[in-house]
Amino acid sequence: MNLASKKVLVVGANGSLGQLLANQLIAKGAVVIGTARSPESSQGLTPNLTERLLLDLESSQSIEALTNYLLGQHASIDGIIFASGLVAFGPIEDMPGAVFERLMRVNATGQVELFKRLIGGLKTSAANGGEPFVVSISGVIAESPMAGMSAYSASKTALKGFAQAASKELRKQGIRWIDARPGHTETGLALRAIFGSAPNFGSGLDPQIVAQRIIQALENDERDLPSTAF
């Protein structure tokens with residue numbers, strides 16, 4: 001795949017990994033639209049993005065507003081990369097229900113809702129020979145759920161399951177979905193947990209290398225990125 005001129009939406013382009021993915025796509029000649037959750041976090045969106053937009057995956061209203069705007073401005077969307085997520089730590093009995101619900105919403109169901117609203121734009125891209133794609137990042141936790149991270153494991157496992165089933169279904173429509181499952185990556189997410197404190201994971205992967213590997217997978221027409229690919 002040649003990424004030049006591809007219109008790509010990077011959800012969470014203000015985050016460590018999202019910024020790297022957006023910048024690497026731009027370096028390849030892609031037209032990149034980036035999102036952040038709030039006006040405050042949008043300060044992390046790089047100025048070289050084609051558009052900088054707000055999106056709160058916890059809000060169906062926010063998802064609807066973004067997708068209506070995008071589909072109104074662009075006849076098609078060539079790619080979506082989900083680089084946004086939340087994490088929480090702690091024993092099952094200590095995990096508040098509201099925290100579990102936020103994890104499931106941001107890490108899984110909100111992403112699915114956004115994708116479903118944009119599928120028409122991806123189909124238009126496919127019809128025009130645009131080779132559309134979706135990238136989700138469920139992480140190694142979706143392959144090996146961990147004790148003390150049951151809620152986070154559940155949200156990422158849900159995302160992985162949807163992505164892998166959707167990949168088979170969408171292939172017939174000319175849309176490729178890659179689920180990436182890198183190991184612990186030094187993005188700082190673990191330090192921003194919405195509940196609990198992170199265990200000692202040790203040194204993680206370099207986010208620059210993780211981003212490069214995901215872009216490489218897009219260019220090489222790969223269809224899955226298990227933890228062993230990083």
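Because the structure is a prediction, the values reported are computed rather than measured.
- Here the side chains of His184 and Val140 are not in contact, with every heavy-atom distance at 4.5 Å or above.
- Put simply, the side chain of Asn14 does not reach to within 4.5 Å of the side chain of Arg52, judged on heavy atoms.
- Using cut-offs of 30° and 60° for the angle between ring planes, the Phe89 and Phe201 rings count as tilted.
- The side-chain heavy atoms of Phe133 and Ile81, taken from C-beta on, include a pair separated by under 4.5 Å.
- A donor-acceptor pair under 3.5 Å is formed between the side chain of Asn2 and the backbone N or O of Ala4.
- Counting only N and O atoms by type, the side chains of Ser155 and Asn107 include a donor and acceptor under 3.5 Å apart.
- Checking side-chain atoms of Ser153 against main-chain N and O of Met146 turns up a donor-acceptor pair under 3.5 Å.
- Here the side chain of Lys6 pairs no donor or acceptor atom with the backbone of Val32 at under 3.5 angstrom.
- Residues Leu17 and Leu189 have side chains not in contact (no heavy-atom distance under 4.5 Å, counting atoms from C-beta outward).
- Between Leu20 and Ala211 the shortest heavy-atom distance is CB-CB, 3.8 Å.
- Side-chain contact between Arg105 and Leu57 is absent, with no heavy atoms from C-beta onward closer than 4.5 Å.
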Using salt bridge (charged side-chain N to carboxylate O under 4.0 Å, His left out), reason through Glu58 and Arg37 one step at a time and then give a plain yes or no. CA-CA 9 Å; Glu58 293 186 66; Arg37 183 183 180 189; 2.8 Å; yes
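- Proximity of a side-chain donor or acceptor of Thr185 to a complementary backbone N or O of Gly183 within less than 3.5 Å is detected.
- In this structure, Ser62 and Leu54 have side chains that are not in contact, with every pair of non-hydrogen atoms separated by 4.5 Å or more.
- Remark: side-chain polar atoms of Ser84 are not paired, donor with acceptor, to backbone N or O of Gly12 under 3.5 angstrom.
- The minimum heavy-atom distance linking Leu218 with Arg176 is given by the pair O-NH2, 2.9 Å.
- With 3.5 Å as the limit, one finds a donor-acceptor pair spanning the side chains of Ser60 and Glu113.
- Here the CG-CG distance, from Leu71 to Leu66, works out to 9.0 Å after rounding to the nearest 0.5 Å.
- The pair Asp78-Lys7 does not count as a salt bridge, with every side-chain nitrogen at least 4.0 angstrom from each carboxylate oxygen.
- Atom CG of Asn23 sits about 4.5 Å away from atom OG1 of Thr46, to the nearest 0.5 Å.
- Summarising the geometry, atom CG belonging to Leu25 is positioned 11.0 Å from atom CG belonging to Asn48; distances are rounded to the nearest 0.5 Å.
- Taken to the nearest 0.5 Å, the CG atom of Leu21 stands 9.5 Å off from the CD atom of Gln208.
- Contact of the Leu122 side chain with the Leu170 side chain is not registered, since no non-hydrogen atoms from C-beta on lie closer than 4.5 Å.
- At a threshold of 4.5 Å between non-hydrogen side-chain atoms, the residues Arg117 and Leu70 do not count as touching.
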